[in-house]
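Some notes on the structure that comes next.
First listed ligand is number 1; within each ligand, the first listed atom is number 1.
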Amino acid sequence: MTDWTDPDAFAAALERAETKEKGNCFEDFAEGETVEHDPGLVLSRRGSELWAGQTLNYDPTYWRPSVAEARGYDAVPVHPDYLLACVMGASVGDLSEKGGYFLGRDDLRYHRPGVAPGTELRVESVVESKAESSSRPAYGIVTWETTGYDAATGDPLLSYTRTNMIPRREPIAADGEGANAGDSEDEEAERADADLPDELLAPEGGHFEDFREALARADGRDAAVAYRHERGRTIDDTTVAQLPLATLNTAKQHHNADAMADSPSGEIVAYGDVTRSIALGHARSDEQTLREVSCDDERFHDFVTVGDTVYGFTHVLDANDGDARNAGEVTFEHVAFNQRDEPVYSGTRTALVRKRA
Ligand SMILES: CC(C)(COP(=O)(O)OP(=O)(O)OC[C@H]1O[C@@H](n2cnc3c(N)ncnc32)[C@H](O)[C@@H]1OP(=O)(O)O)[C@@H](O)C(=O)NCCC(=O)NCCSC(=O)C[C@](C)(O)C(=O)O
């Protein structure tokens, strides 16, 4: 029998043993290819409450039957951020388990409001495009279009396109050190405050009319409707590892400190959608949200690690009085930032916001 307790013998065995790989490298994806993700998940009320509770998304629609019914749902639906994490999580083993950083997401659309616990998901992705990274020779950049369906009816529930850095099997020659390498400090500062005027106004309350009135006040002046949210949430073991694992997100970035020691972040990092959900939770806590409609231009600018605190900043872009009697459509730009005031996520979001009774 082999003596496995002899550290030298064991180290020698490990060196010779083949590692059964998980996930795919940049070279494994072909443009146009469709990938069916096996895992799927059955949405659960417990999972939704865990996600919403840990990310400070405390809209009672997703907890209390009486409120859900008053908002037009037959029963308490799952939280939309949890639904998104379940669709994304099922895709990770095939698309990004190798350790690629989540760079951004576009065209997030919720196709059906009020998805019920007990719904079984079927998730599928199409490889939309691949590009070499000029700054990071060990990585390529891949974009996929992912859709989550109700497995029983075939109805699409949610879809988006996502872009990740994905490790290559073979590094290529690189010609730069980052997309903004070489920019002067002045150029960087100019980029940072390019879009915001001096005067920042906050809405009086969180109803549709409050956002519309604030935009009217800013109109014709050098002013914008932009404000910060008081709450912060420090990333801990639950948010960094438990939430992604509970939604089948096997990306090593969130739970394998050993593998991450030798990566650009040097340690495990928060799942981008946890960071985003916390920032959106802060924003929703200052808003009378009826329903999520869409998100666009979502970008992850920097790593968030255990001990970092995620805060939120909101810029109101538009308020449209649509067809609904009880709500209007508001478009926001949200920024998540850390305790050093560094932006870590930004994106636009459109939601139906309730009108005053
Ligand atoms: C990755 C880091 C280190 C690179 O930082 P950097 O300074 O090297 O460079 P950069 O300027 O930010 O971008 C590098 C390259 O990516 C490109 N790029 C950038 N964004 C996009 C985009 N949207 N679409 C297309 N391309 C994009 C950009 O144009 C550039 O191309 P180049 O190499 O040819 O010059 C830095 O950007 C960073 O720290 N970002 C935060 C990453 C992060 O923490 N993501 C969330 C956690 S990982 C995660 O959640 C995982 C998940 C969800 O579970 C899972 O996929 O399984």
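When Ile268, Asp297, Ile141 are checked for heavy-atom proximity to atom 17 (C) of ligand 1, Ile141 turns out nearest. Between Glu132, Glu298, His254, it is His254 that holds the heavy atom closest to atom 54 (O) of ligand 1.
Residue-to-ligand polar distances place Gly272 within reach of ligand 1: an N/O pair is separated by less than 3.5 Å. Backbone and side-chain nitrogen or oxygen atoms of Tyr101 are examined, and none is located within less than 3.5 angstrom of a nitrogen or oxygen of ligand 1. Below 3.5 Å of separation, one finds an N or O of Phe102 facing an N or O of ligand 1. Note: no N/O pair closer than 3.5 Å links Gln253 and ligand 1 by distance alone. Between Tyr271 and ligand 1, a contact under 3.5 Å exists for no N or O pair.
We find that Lys98 and Glu27 are not joined by a salt bridge, their nearest charged nitrogen and carboxylate oxygen being 4.0 Å or further apart. Asp321 and Arg212 are joined by a salt bridge, as a carboxylate oxygen and a charged side-chain nitrogen come within less than 4.0 angstrom of each other. Using a cut-off of 4.0 Å between Lys/Arg side-chain N and Asp/Glu carboxylate O, Arg162 and Asp106 are scored as not salt-bridged.
Leu245 and Val269 fall into different hydrophobic clusters, defined by Ile, Leu, Val, Met, Phe, Trp and Tyr side-chain heavy atoms under 4.5 Å apart, directly or through other members. A single hydrophobic cluster is seen to contain both Tyr82 and Leu50, as judged by linkage of ILVMFWY side chains at heavy-atom distances under 4.5 Å, directly or through other members.
How far CG of Asn57 is from CD of Glu49: 13.0 Å, rounded to the nearest 0.5 Å.
Taking every non-hydrogen atom of Ala251 and a distance limit under 4.0 Å, the qualifying atoms of ligand 1 come out as 54 (O), 57 (O). Atoms of ligand 1 found under 4.0 Å from any heavy atom of Ser133 (numbered from 1 in listed order, with element): 32 (P), 33 (O), 34 (O). In the vicinity of Met88, heavy-atom distances shorter than 4.0 Å reach the ligand 1 atoms 53 (C). Ligand-side atoms of ligand 1 in range of Ser134: 32 (P), 33 (O), 34 (O), 35 (O), range being under 4.0 angstrom from any heavy atom. Close contacts between ligand 1 and Val92 involve ligand atoms 57 (O) [criterion: under 4.0 Å to a heavy atom]. For ligand 1, the atoms sitting less than 4.0 Å from at least one non-hydrogen atom of Ser135 are 14 (C), 32 (P), 33 (O), 35 (O), numbered in the order shown with element in parentheses. Residue Ser96 approaches ligand 1 through these ligand atoms, each under 4.0 Å from one of its heavy atoms: 55 (C), 56 (O), 57 (O). Numbered from 1 in the order shown, with element, the atoms of ligand 1 that lie under 4.0 Å from a heavy atom of Met165 read 14 (C), 15 (C), 16 (O).
In this structure His334 satisfies the ring pair (Phe, Tyr, Trp, His ring centres under 6.0 Å) test together with Phe332, sequence neighbours excluded. Evaluation of the side chain to side chain contact (heavy atoms under 4.5 Å, CB included) rule for Leu201 yields Glu199, Arg217, Ala218, Arg221, Ala223 as partners, not counting sequence neighbours.
Using a 4.0 angstrom heavy-atom cutoff, Ala131 does not count as in contact with ligand 1. Ligand 1 is never approached by Glu97 to a heavy-atom distance shorter than 4.0 Å.
At a 4.0 Å heavy-atom cut-off, ligand 1 does not touch Pro244 at all. Contacts with ligand 1 closer than 4.0 Å are made by no heavy atom of Pro264, backbone or side chain.
Ring geometry for Trp51 against Tyr271 counts as perpendicular: the plane angle is over 60°, on a 0 to 90° scale with 30° as the lower cut.
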Is there a side-chain hydrogen bond (donor to acceptor under 3.5 Å, both in side chains) between Asn326 and Arg354 once you walk through the steps?
CA-CA 6 Å; Asn326 59 343; Arg354 286 199 299 283; over 6 Å; no
Determine, stepwise, if the pair Thr61 / Arg71 fulfils side-chain hydrogen bond (donor to acceptor under 3.5 Å, both in side chains).
CA-CA 7 Å; Thr61 312; Arg71 307 250 161 97; 2.6 Å; yes
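Two rings, from Phe303 and Tyr101, have their centers less than 6.0 Å apart.
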